[in-house]
Amino acid sequence: MRRFAGSAVVIAAALALAGCGNSGGSAASTATSAKPDLKVTDAYMPAPAMAEMAAGFFTVTNSGGADTLTSVTSDLAGDVTLHSTRGGAMEEEKSFAVPAHGTLDFASGANHVMFEKLTRKPEQGEKVSVELHFAKSGTVRVSMPVKSATYNPKTGH
């Protein structure tokens, strides 16, 4: 009986040590499994020239683990889609990665959100309610101010 009890203690200790060796994981697996910590800033919509569609821009800053922007919705539009722009060509995307401890930018001439089938044409000075849907973080609500059609965030005009 003593021999069995001694063996059980040795086996339990070995299993505990093996578990400790893997609990930290690699830096890469820790970064991807950590909880995302998202903050959305610099959101705006240029006043649309047409009554049917508009664009939206913002920055997602992540001080946690990786996440994915999967969709955007708004009561302002019947359809909201994600787009990238490469070499001057716009392409619809299903999602965008939000890197761990990084940023995802949506800016004029680059990644952007398209609001299509507008329920009404928003005017400069209004705020548009937008919901960003993330795979891990869930829904983040953003109030997107409507700026002038020629607004430049670098100059603030």
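Note: hydrogens, waters and symmetry copies are ignored here, and every other heavy atom, side chains too, is used.
Donor-acceptor pairing under 3.5 Å is recorded for the side chains of Thr81 and His83. Side-chain N/O atoms of Thr70 and His133 include no donor and acceptor closer than 3.5 Å. Under 3.5 Å, the side chains of Ser74 and Glu131 contain no donor-acceptor pair of N or O atoms. Judged purely by distance below 3.5 Å, without hydrogens or angles, the side chains of Ser63 and Asp37 pair a donor atom with an acceptor atom.
Among all heavy-atom pairs drawn from Lys127 and Ser143, the shortest one is CD-OG, 3.3 Å. In plain terms, the two heavy atoms of Met45 and Ala54 that are nearest each other are SD-CB, 3.9 Å. The two residues Ala149 and Ala47 have their closest heavy-atom pair at CB-O, 3.5 Å.
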- prompt: Does the pair Phe58 and Leu104 meet the rule for a side chain to side chain contact (heavy atoms under 4.5 Å, CB included), with working shown?
  reply: CA-CA 9 Å; Phe58 52 90; Leu104 171 61; 5.7 Å; no

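Side-chain heavy atoms closer than 4.5 Å link hydrophobic residues (I, L, V, M, F, W, Y) into clusters, and following such links, possibly through other members, connects Val72 to Leu76.
When ring centroids are compared, Phe57 and Phe106 stay outside the 6.0 Å threshold. Taking the centre of each ring, Tyr44 and Tyr151 come in below the 6.0 Å mark.
Among residue pairs with one or both ends in residues 82-101, those qualifying as salt bridge (charged side-chain N to carboxylate O under 4.0 Å, His left out) are Arg86-Glu93; sequence neighbours excluded.
Using a 4.0 Å cut-off between charged nitrogen and carboxylate oxygen, Lys121 and Glu126 do not count as a salt-bridge pair.
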